[in-house]
Novice: 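Provided herewith is a single structure, encoded as structure tokens, for subsequent inquiry.
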Amino acid sequence: MNTIDRSPSPADPVIVAAGLSKTYPRGREQVRALDGIDFAVGRGEFVAVVGPSGSGKTTLLNLLGCMDTPTGGTLRLAGREISGLSETDRTLLRRRHLGFVFQHFGLVPTLTVAENVALPRLFARRAEDGRVGELLRQVGLWDRRDHRPHQLSGGEMQRAAIARALVNDPSLLLADEPTGNLDSATGESDIGLFRQLNAGGLTIVAVTHNAALSDAAGRRLHLRDGRLA
Ligand SMILES: Nc1ncnc2c1ncn2[C@@H]1O[C@H](COP(=O)(O)OP(=O)(O)O)[C@@H](O)[C@H]1O
Ligand SMILES: [Mg+2]
């Protein structure tokens, strides 16, 4: 695949952004964190978002994750224009279609690994039908299922977070610097997991500074000053 950004219109897009913008107020000024970007991500793609600090990567991921709303342009996720949705509908879309992985893992320290992975299923009021166990095996944490996060290594914590992100079978996995807190060897094994998940058909968008992770992606979106380079 090419490494130049803006895909042509994919046949089965999970994301379509047109003129997507986000402006934040800063005192009396406006910061243009995203300045009218156009791109699409097709089902089954693995896209890395790269760019210097302050270029708008996290802002973009927050918009894709429906955790924030654009101030301009349009964004379609899984076939739905998100700017018209109510807060409740955005929450439902997030629950049904999106999985999140963060740099700091975000596991609940008082819950076991298995309970952490099961949590989004509880929120979505879906019965636990064996999916948790299946994912724990897939990420290599079955033997660790009754441990608490502090008993795990960084790489294991991130794999637990990845399993949790997948428990509701999202259409799209979003990751913000998923290897940012891992040493390079551990990062490599988690990159292998992203690769494997993508080979299984999962659509992934990952913000990263890690060359190995962006190499694993099929395509890169380069952000600079809120624009696609
Ligand atoms: N909540 C916010 N309020 C004001 N400015 C923000 C906010 N979030 C981000 N910014 C600004 O928007 C720009 C892009 O930030 P960000 O998306 O975090 O970049 P990156 O993740 O690439 O480092 C930066 O100039 C940053 O200071
Ligand atoms: Mg960031």
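Basis for what follows: all heavy atoms, side chains included, without hydrogens, waters or symmetry-related copies. Counting convention: from 1, in listed order, for ligands and their atoms alike.
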Novice: Below 4.0 Å from any atom of ligand 1, which residues have a heavy atom? Give them in chain and number order, please.
Specialist: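 Around ligand 1, where the cutoff is 4.0 Å for heavy atoms, the contacting residues are Tyr24, Arg26, Val31, Ala33, Pro52, Ser53, Gly54, Ser55, Gly56, Lys57, Thr58, Thr59.
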Novice: Using a 4.5 Å cut-off on heavy atoms from C-beta on, say whether the side chain of Leu20 contacts that of Leu60.
Specialist: yes
Novice: Salt bridge or not for Arg131 and Glu134, using N-O below 4.0 Å?
Specialist: yes
Novice: Under 3.5 Å, is there a donor on one side chain and an acceptor on the other for Asp146 and Thr112?
Specialist: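 Their side chains do not contain a donor-acceptor pair, so the 3.5 Å distance test is not met.
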Novice: Using the rule given for side chain to side chain donor-acceptor pair (under 3.5 Å), can you reason through Thr58 versus Asp176, listing the C-alpha separation, both sets of side-chain angles and the distance that settles it, and then say yes or no?
Specialist: CA-CA 7 Å; Thr58 295; Asp176 197 353; 3.1 Å; yes
Novice: Among side-chain atoms of Glu81 and Ser83, is any donor-acceptor pair under 3.5 angstrom?
Specialist: yes
Novice: Please name the pair of heavy atoms, one in Phe100 and one in Leu173, separated by the smallest distance, quoted to 0.1 Å.
Specialist: N-CD1, 4.3 Å
Novice: What protein N/O/S atoms are there under 2.8 Å from the Mg ion (ligand 2), waters excluded?
Specialist: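 For the Mg ion (ligand 2), the protein N, O and S atoms that sit under 2.8 Å away are Thr58 OG1.
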Novice: Do Tyr24 and Thr71 have a side chain donor and acceptor closer than 3.5 Å?
Specialist: no
Novice: To the nearest 0.5 Å, what is the distance between CZ (Arg126) and CG (Asn168)?
Specialist: 5.0 Å
Novice: Surrounding CG of Asp215 (heavy atoms of other residues, nucleotides or ligands, distance under 6.0 Å), is the total greater than 12?
Specialist: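 Yes - once you tally the heavy atoms of other residues, nucleotides and ligands closer than 6.0 Å, there are more than 12.
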